[in-house]
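To keep things clear, I will list the structure first and then write my remarks on it.
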Amino acid sequence: MAYLYNIFQIHQQSPKTKARTGTLNLVHGTVHTPAFMSIGTLGTVKTLTNKELKTTGAQILLSNTYHLWLKPGIKVLKQFGGLHQFNSWDGPILTDSGGFQMFSLRKNNISNEEGILFTIPESGDRIFFSPEQSMQIQTVINSDISLVLDYLPVEETNYKLNEQAIERTFRWSKRSKKEWIKLHQGKWIGSQGYDKSGKQNILFGITQGARFLDLRQRSAEMILELDFPGYSIGGMAMGPEPEESRWNQVDIQTSILETYKPKHLLGVGTPTDLVRFVGYGIDLFDCVYPTRNARHGTLFFELDDNTYTTERILQKKFETDVNPINPNSNFAELRQYSKSYLRHLFKTRETLGYRLATMHNLEFYHNLTAKIRQKINTGKFDEWWQKYKFQKNN
RNA sequence: CCGGAGUUGGCCGAGUGGUCAAUGGCAGCAGACUGUAAAUCUGCCGGGCUUGUUCCCUACCGAGGUUCGAAUCCUCGACUCCGGA
């Protein structure tokens with residue numbers, strides 16, 4: 001069946017690793033993979049306009065169901081006919097389902113088999129969130145890619161809790177799919193892809209299993225049954241653990257999930273993570289890392305073909321640094337403004353500083369994924385990927 | 001000239017006999033950040049070294065004094081502010 005699959009087309013498969021380039025065909029456009037998705041939780045990548053975001057090389061925006069549900073709320077999103085009209089982003093959008101908020105906001109919610117009861121800190125309101133509701137909201141948002149509501153255990157190192165988590169995630173995925181089909185007039189796009197006339201949004205399944213390889217395996221095997229058009233691998237960077245352990249977790253799941261379907265690694269990661277996990281079969285990434293670090297004054301720089309470093313712009317040594325932020329940037333601002341000036345903007349908490357740093361880091365990330373694609377397409381990925389490393393700046 | 005209030009570490013500002021090298025905040029220096037309650041958070045922040053939950057110096061305007069012990073009490077002086085002549 002794989003040869004009919006037209007949601008995702010693989011262009012170049014690396015000979016010795018699972019790395020591949022491809023195109024993901026979505027309602028609002030095509031994404032060249034491996035790709036990094038910038039995070040715009042509330043509909044905006046903090047500090048940037050859509051035009052600036054595109055200049056960084058962004059192909060697809062990630063937003064968040066839970067946060068959009070609270071603000072601006074369903075009513076407003078319905079009035080606009082979806083997030084694309086509301087925030088004027090005309091490219092593809094992937095929405096996270098809100099499952100992660102059960103984990104990140106775990107102090108403010110309780111959950112059971114039915115769903116999650118969130119307490120809103122500002123108002124004290126208690127609101128109930130279920131797989132069905134997440135699907136309804138994402139349908140209103142009109143995401144190109146929606147995610148099922150998954151379940152994350154509160155303790156990432158507890159085997160029993162993680163075993164329960166993969167089972168509940170499976171049941172919630174099932175409910176998500178059922179509701180999704182209902183909301184899309186009975187149409188389901190699975191392993192057969194879609195026909196050319198009926199371009200339609202898609203829903204990804206999610207795997208869990210934390211650091212337990214047998215749970216990772218079972219979670220992936222279970223989710224196969226539901227025949228999603230693509231998969232997100234969840235529960236990855238939840239706590240401290242050895243790098244190899246995480247590589248193995250991803251490796252085992254990408255081995256089980258259909259090769260011809262797109263794989264998304266939720267919430268990862270650092271530049272080295274990206275390169276590494278592409279080698280283990282990941283096509284899509286999303287992470288707060290470049291944007292949050294930007295706002296906190298840490299900028300990413302390429303040193304050479306297989307090394308990157310970071311610079312903390314607030315350091316004293318940049319006080320008199322007349323060099324441009326990035327002489328090779330697509331942004332005239334980053335070619336013109338000096339590091340000294342950028343430090344000054346950060347010191348004085350001028351918003352322009354956060355913007356420039358965000359532009360810079362996202363441009364770095366998107367250049368990195370472009371480089372990964374180029375390495376794969378020219379057959380050089382396999383000899384390069386394990387050499388790619390971070391070097392501390394001094 | 002008289003009466004009142006005050007003077008604390010780079011700045012602002014707590015502290016009114018020992019547990020005070022002195023709470024906070026700012027500034028400064030350094031670090032963290034992985035499906036964003038994060039333009040946030042953490043550490044250091046008089047000097048020295050053998051870096052000590054009880055080390056050594058120098059410190060709460062200045063000079064004396066009381067006391068086992070003073071940023072804290074007393075005396076005098078300097079300066080600032082507020083009233084009144």
Side-chain angles (χ1 to χ4, degrees), chain A residues 36-48 60-68 70-71 94-109 118-123 134 143 145-152 156 169 204 206-208 231-241 243 246 250 263-274 276-277 282 284-300 310-319 342-343 345-358 361 365 390 392-394:
Chain A
F36 178 78
M37 304 186 279
S38 310
I39 298 193
T41 301
L42 285 158
T44 173
V45 171
K46 295 184 195 302
T47 76
L48 295 194
I60 171 170
L61 176 72
L62 183 145
S63 199
N64 187 285
T65 307
Y66 170 83
H67 291 284
L68 290 175
L70 299 186
K71 291 173 185 173
L94 180 149
T95 41
D96 191 10
S97 59
F100 185 71
Q101 275 57 50
M102 185 194 53
F103 175 81
S104 63
L105 305 174
R106 57 192 174 279
K107 287 189 178 74
N108 296 323
N109 68 75
F118 285 104
T119 303
I120 311 302
E122 301 99 66
S123 61
S134 180
S143 316
I145 302 176
S146 295
L147 300 190
V148 300
L149 188 68
D150 59 332
Y151 179 84
L152 288 91
E156 65 271 14
T169 292
F204 276 18
I206 301 183
T207 61
Q208 290 290 346
Y231 301 99
S232 296
I233 294 174
M236 196 45 61
M238 316 303 305
E241 59 183 315
E243 280 193 316
R246 304 192 316 182
V250 169
K263 317 286 186 322
H264 165 212
L265 186 56
L266 278 158
V268 174
T270 65
T272 43
D273 284 339
L274 263 56
R276 205 76 197 196
F277 285 117
I282 297 298
L284 292 167
F285 297 90
D286 74 272
C287 197
V288 142
Y289 210 70
T291 44
R292 181 180 289 167
N293 268 291
R295 273 174 279 121
H296 296 171
T298 301
L299 279 70
F300 296 86
T310 54
E311 286 181 357
R312 299 177 40 73
I313 203 66
L314 282 159
Q315 282 183 334
K316 182 86 172 165
K317 66 178 176 181
F318 294 112
E319 189 178 28
L342 182 59
R343 179 180 192 266
L345 293 174
F346 266 88
K347 278 280 172 198
T348 53
R349 295 166 198 255
E350 284 290 338
T351 57
L352 179 60
Y354 307 124
R355 282 182 59 208
L356 295 173
T358 302
N361 278 357
Y365 261 63
F390 168 69
K392 204 171 154 62
N393 201 356
N394 35 32

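Naming convention: chains lettered A, B, ... in sequence-line order (proteins, then strands); numbering from 1 in each chain. What you see is a predicted model; the values in this text were computed from it and never measured. These values consider heavy atoms only, across backbone and side chains, with no hydrogens, waters or symmetry-generated copies.
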Mind checking who [N] pairs with, Watson-Crick or G-U wobble, both distances under 3.5 Å?
N	result
B:rC41	B:rG31
B:rG24	B:rC12
B:rC73	B:rG65
B:rA5	B:rU80

Compare side-chain N and O positions of [X] against OP1 and OP2 of [N] and report whether any pair is under 4.0 Å apart.
X	N	answer
A:R106	B:rA37	no
A:S104	B:rA37	yes
A:R349	B:rU40	yes
A:R292	B:rU34	yes
A:Q101	B:rA37	yes
A:R312	B:rG31	yes
A:N108	B:rA37	no
A:K347	B:rA27	no

Give a yes or no on whether the backbone of A:M102 and the side-chain of A:N109 come within a donor-acceptor separation of less than 3.5 Å.
yes
Ignoring hydrogens and angles, tell me if any N or O in the side chain of A:R312 forms a donor-acceptor pair with the backbone of A:T298 under 3.5 Å.
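Checked: no pair found.
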Nearest-Å distance for atom pair CG/C1', residues A:L265 and B:rU34
10 Å
Whole-Å distance between B:rA38 P and A:K107 NZ?
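Distance, rounded to whole Å: 14 Å.
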Can you check whether A:Y66 and A:F118 have ring centres sitting under 6.0 Å from each other?
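Under 6.0 Å, so yes.
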Decide yes or no on side chain to side chain contact (heavy atoms under 4.5 Å, CB included) for A:F390 and A:T310, but give the supporting numbers first.
CA-CA 8 Å; A:F390 168 69; A:T310 54; 3.7 Å; yes
Less than 4.0 angstrom from a charged side-chain N to a carboxylate O is my criterion; do A:R246 and A:E243 meet it?
no
Tell me whether A:H67 is stacked on the nucleobase of B:rU36, counting only the six-membered base ring and applying the 5.5 Å and 30° thresholds.
no
